[in-house]
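The structure appears right after this line, and notes come after that.
All residue numbers in this chain count up from 1 along the given sequence.
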Amino acid sequence: MSLNIDQFTESELVDLNHRIVEPQRFLRQMRAHASMLKFSIGAQVCFETDDLRTTTGTLIRYNKKTVSPVTNDGHRWNVSPSLLRLVEPRDITPVADVQGRNILQK
């Protein structure tokens, strides 16, 4: 099938563009959503920052294309779910607080 788009009007070209772009956008959003479902709100996750530091935080929100973890120092990040990984229990070591109770420290 061949189309000669030179003969299309402007409104026909806009319509054609929407018919092509919208399904692509929908597929991208579905892939991002599927990646998000690997994580639950409250999960401990880690990711690398722009300066290649590994940062750990708690997942607090799903956004349209990203998720929002908050680090222990209170910084909020928007991260693609494909860049996150769950913090493994072996990555967290118990430490006794001043009253002798065990707390978790990363």
Side-chain angles (χ1 to χ4, degrees):
M1 180 174 139
S2 155
L3 292 176
N4 183 359
I5 62 171
D6 294 331
Q7 297 176 355
F8 284 17
T9 65
E10 183 177 357
S11 63
E12 290 171 329
L13 288 171
V14 168
D15 181 58
L16 179 62
N17 180 57
H18 286 294
R19 289 175 187 241
I20 294 170
V21 172
E22 289 303 319
Q24 291 175 328
R25 182 175 298 137
F26 176 75
L27 291 173
R28 229 181 358 259
Q29 287 175 349
M30 290 304 296
R31 281 193 295 270
H33 183 72
S35 295
M36 286 182 203
L37 292 178
K38 296 177 186 174
F39 305 98
S40 57
I41 301 297
Q44 291 292 308
V45 295
C46 59
F47 57 96
E48 285 191 12
T49 61
D50 293 339
D51 58 358
L52 301 179
R53 289 182 300 120
T54 299
T55 303
T56 304
T58 303
L59 190 65
I60 61 164
R61 182 178 172 174
Y62 295 120
N63 305 309
K64 194 170 189 177
K65 296 179 186 176
T66 61
V67 293
S68 296
V70 172
T71 60
N72 295 335
D73 60 1
H75 286 87
R76 181 176 168 179
W77 294 76
N78 288 330
V79 181
S80 169
S82 64
L83 301 176
L84 290 180
R85 59 188 164 94
L86 286 172
V87 173
E88 297 294 326
R90 63 177 158 59
D91 296 340
I92 302 174
T93 55
V95 176
D97 68 3
V98 291
Q99 297 172 340
R101 298 175 300 203
N102 282 340
I103 58 172
L104 297 179
Q105 182 168 335
K106 295 165 198 77

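At most 12 non-hydrogen atoms from other residues, nucleotides or ligands lie less than 6.0 angstrom from CD1 of Ile5. Environment of CD in Glu22: crowded, with over 12 heavy atoms of neighbouring residues, nucleotides or ligands closer than 6.0 Å.
Considering every non-hydrogen atom in both Pro23 and His18, the closest pair reads CD-O, 3.9 Å. Across every non-hydrogen atom of Leu83 and Phe47, the tightest pair is O-CB, 3.7 Å.
Among the candidates Val79, Ile60, Thr56, the single residue satisfying the side-chain contact (heavy atoms from CB on, under 4.5 Å) test with Pro69 is Val79.
Linking ILVMFWY side-chain heavy atoms closer than 4.5 Å, directly or via other members, places Ile20 and Leu3 in a single hydrophobic cluster. Put simply, Trp77 and Ile41 are part of the same group of oily side chains (I, L, V, M, F, W, Y) that touch within less than 4.5 Å, one to the next.
Side-chain contact, Glu48 with Thr55: no donor N or O sits under 3.5 Å from an acceptor N or O.
Atom OG of residue Ser80 and atom CE of residue Met36 lie 8.0 Å apart, to the nearest 0.5 angstrom. Considering NZ of Lys65 and CG of Asn78, their distance stands at 12.5 Å, rounded to 0.5 Å. The distance from the OG atom of Ser40 to the CG atom of Leu86 is 7.5 Å, given to the nearest 0.5 Å.
Within the 4.5 Å cutoff, the side chain of Phe8 has no heavy atoms near those of the Asp15 side chain. Contact annotation: the side chain of Gln44 approaches that of Thr58 to within less than 4.5 Å [non-hydrogen atoms, C-beta and beyond]. At a threshold of 4.5 Å between non-hydrogen side-chain atoms, the residues Gln29 and Arg25 count as touching. A 4.5 Å side-chain heavy-atom check between Lys38 and Val67 finds every atom pair outside the cut-off.
For the side-chain hydrogen bond (donor to acceptor under 3.5 Å, both in side chains) test, residues two or more places apart in sequence or in another chain that qualify with Glu12 are Thr9. Remark: Asp50 engages no residue in a side-chain hydrogen bond (donor to acceptor under 3.5 Å, both in side chains) (not counting sequence neighbours).
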